[in-house]
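To start, the structure under review is shown below, and the notes come after it.
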Amino acid sequence: MKNCEYQQIDPRTLVVSPSSAQKHTEKEAERPRRKWEVFPGKNRFFCGGRIMLARQSGVLPLTLGLIVFTCGLFFGFDCSFLVEHLTVFIPMIAAVLFLFVVISLLWTSFTDPGILPRATPDEAADIEKQINTSGSSTYRPPPRTKEILINQQVVKLKYCFTCKMFRPPRTSHCSLCDNCVERFDHHCPWVGNCVGKRNYRFFYSFIISLSFLTSFIFGCVITHITLRSQICKSLVQAIQESPASVVELVVCFFSIWSILGLSGFHTYLVASNLTTNEDIKGSWSSKRGADESGNPYSHSNIITNCCATLCGPMPPSLIDRRGFVPPDEAIPAASASEIELPLFTAKNDAHMVG
Amino acid sequence: MATEFHNLQELRHSASLANKVFIQRDYSEGTTCKFQTKFPSELESRIERTLFEDTVKTLNNYYAEAEKIGGQSYLEGCLACATAYLIFLCMETRYEKVLKKIGKYIQEQNEKIYAPRGLLITDPIERGMRVIEISIYEDRGSSGSSSGSSSVSGSTAR
């Protein structure tokens with residue numbers, strides 16, 4: 001009998017008449033939803049889920065605007081003089097650097113930083129069962145931590161109440177994006193996204209190339225004003241002839257300090273295989289006199305650390321933004337054989353979504 | 001065995017989900033993807049220990065191959081950096097190629113070994129690479145409780 005085949009709702013009890021069943025099937029067929037549409041974190045998606053941003057995009061437009069504006073002024077006002085008096089390579093180098101900076105910035109902002117999808121209800125129930133059977137909870141629930149050994153060092157894993165799972169090592173929950181991110185470095189407002197395992201190399205490329213770009217523009221503008229003041233024999237007149245250069249100087253001067261400092265800091269982090277999060281919390285600095293061996297993830301060799309972080313294999317995105325949400329429980333019997341997952345799991349997914 | 005299925009189609013049609021077992025990650029060597037090879041007690045009556053361990057070890061080897069830091073990954077990384085990472089838009093990374101191999105391997109294991117025993121492995125990538133989910137099915141035709149039929153199958157398997 002058909003009614004015995006499914007343990008859940010009998011589709012015939014839901015559907016009143018054949019015409020409404022047909023309408024229902026049509027509705028289901030025309031609107032299969034993609035996973036990004038039901039994503040629980042605070043993110044925004046564009047281009048059908050291919051591009052993602054944090055919900056608060058922060059000052060990304062400002063960052064992009066400043067870079068484009070300053071470079072625009074440089075190409076418009078300084079390059080003509082410098083090409084005439086020095087070499088044509090100056091705008092070429094600046095153009096290459098500018099493109100690299102903008103592309104790295106867009107990669108950093110639009111890439112999934114390494115978000116971990118939330119635990120399915122079955123998984124969460126299994127973990128709850130393990131917590132309850134292993135620990136003794138009498139008055140209040142014990143702090144949900146788990147201690148594991150990584151390379152002979154004890155590391156505490158914390159339970160994430162939002163994502164309902166024990167966070168893997170080096171993972172942290174970003175409160176702004178409401179997601180657990182692997183190898184969480186920090187949430188950067190300038191970039192409008194978290195910086196994590198998947199986009200750290202883009203972020204690093206961005207700040208290094210931006211350091212080069214700001215230093216280069218700063219140097220070129222200084223050269224321009226110096227040469228011009230030699231020609232006019234007056235600094236004031238040189239500035240009057242090229243006021244845009246002053247704007248560029250001011251922007252570059254203030255950016256250089258912060259960008260170079262940040263680049264230096266992140267170079268140190270890359271060389272010792274640390275994240276900003278770990279460095280700020282001082283997770284591995286408690287051991288005196290053995291700063292490198294305190295970190296269980298470090299390869300104890302600066303070159304290997306750099307290569308592993310920056311040139312390592314590119315991990316895949318775990319959230320499968322463009323995949324389809326598994327169909328929910330109210331499905332006619334005919335299409336049952338095409339369903340990938342059993343109905344039981346689909347029902348739980350519907351609960352998770354709703 | 002009471003829960004004898006011939007292929008995956010039959011499994012989905014005539015079986016009902018009884019339980020799910022989750023194989024957790026093994027972080028003893030760092031954050032590289034590796035799963036625990038400890039044999040879960042729920043599968044004791046269902047599948048031989050060696051088969052299960054072989055599957056998990058092969059999966060671990062595949063993931064190790066994907067995440068290996070060596071000559072090829074450095075080349076890929078340097079080439080990507082030189083092209084401002086635009087190469088990621090056109091080329092499939094080595095990790096993605098290995099993930100496809102893993103998908104095929106899991107499908108093959110399901111068809112040959114796990115489905116005939118009423119089990120189904122879910123690819124870890126669908127669970128955020130956190131767990132290997134093994135679904136345990138019971139024959140819908142059997143009227144007894146799941147523990148009853150598993151003890152019957154246990155006795156016939158021994």
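Residue numbering restarts at 1 for every chain, and letters A, B, ... go by the order of the sequence lines.
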**Asked** Which residues pass the ring-ring contact (aromatic ring centres under 6.0 Å, His included) test with A/His173, sequence neighbours left out?
**Response**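 So A/His173 forms no ring-ring contact (aromatic ring centres under 6.0 Å, His included) with any residue.
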Tell me, do [X] and [Y] make a side-chain contact under 4.5 Å, heavy atoms counted?
{"X": "A/Val155", "Y": "B/Tyr27", "value": "no"}
{"X": "A/Phe100", "Y": "B/Cys81", "value": "yes"}
{"X": "A/Met314", "Y": "B/Tyr95", "value": "no"}
{"X": "A/Asp126", "Y": "B/Lys20", "value": "no"}
{"X": "A/Asp122", "Y": "B/Phe22", "value": "yes"}
{"X": "A/Pro316", "Y": "B/Leu99", "value": "yes"}
{"X": "A/Tyr297", "Y": "B/Thr31", "value": "yes"}

Examine whether an atom of B/Ser28 lies under 4.5 Å from a heavy atom of chain A, and if so say whether it belongs to the side chain, the backbone or both; otherwise answer neither.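 Both parts, backbone and side chain.
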Listed by number, the residues in residues 164-172 of chain A that come under 4.5 Å of chain B (heavy atom to heavy atom) are A/Met165, A/Pro168, A/Pro169, A/Arg170
So for A/Ile319, is it side chain, backbone, both, or neither that comes closer than 4.5 Å to the heavy atoms of chain B?
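Neither; nothing under 4.5 Å.
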Under 4.5 Å to a heavy atom of chain B? For A/Ile103 that would be side chain
So the salt bridge (charged side-chain N to carboxylate O under 4.0 Å, His left out) pairs with at least one residue in residues 74-93 of chain B (sequence neighbours excluded) are B/Glu92-B/Lys100
Answer yes or no: does atom [atom1] of [X] have more than 12 heavy-atom neighbours from other residues, nucleotides or ligands under 6.0 Å?
{"X": "B/Glu48", "atom1": "CD", "value": "yes"}
{"X": "A/Ile303", "atom1": "CD1", "value": "no"}
{"X": "B/Lys97", "atom1": "NZ", "value": "yes"}

Classify the ring geometry of B/Phe88 against A/Trp107: parallel below 30°, tilted from 30° to 60°, perpendicular beyond 60°.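 Taking A/Trp107 first and then B/Phe88, their aromatic rings stand perpendicular (interplane angle over 60°).
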Taking atom [atom1] of [X] and atom [atom2] of [Y], what is their separation to the nearest 0.5 Å?
{"X": "A/Cys311", "Y": "B/Tyr74", "atom1": "SG", "atom2": "OH", "answer": "7.5 Å"}
{"X": "B/Tyr85", "Y": "A/Ser205", "atom1": "OH", "atom2": "OG", "answer": "3.0 Å"}
{"X": "A/Thr120", "Y": "B/Glu133", "atom1": "OG1", "atom2": "CD", "answer": "5.5 Å"}

Comparing B/Gly70, B/Gly30, B/Ser73 against chain A, the one with the most heavy-atom pairs below 4.5 Å turns out to be B/Ser73
(Q) Between A/Glu123 and B/Arg130, does any NZ, NE, NH1 or NH2 come within less than 4.0 Å of an OD or OE carboxylate oxygen? (A) yes
Where do A/Asn151 and B/Glu29 come nearest, in terms of heavy atoms and distance?
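Closest pair (atom of A/Asn151, atom of B/Glu29, distance): OD1-CA, 3.8 Å.
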Comparing A/Arg201, A/Arg183, A/Glu182, A/Gln152 against chain B, the one with the most heavy-atom pairs below 4.5 Å turns out to be A/Arg201
Expected contact set for residues 55-68 of chain B against chain A at heavy-atom separation under 4.5 Å reads B/Ala66, B/Glu67, B/Lys68
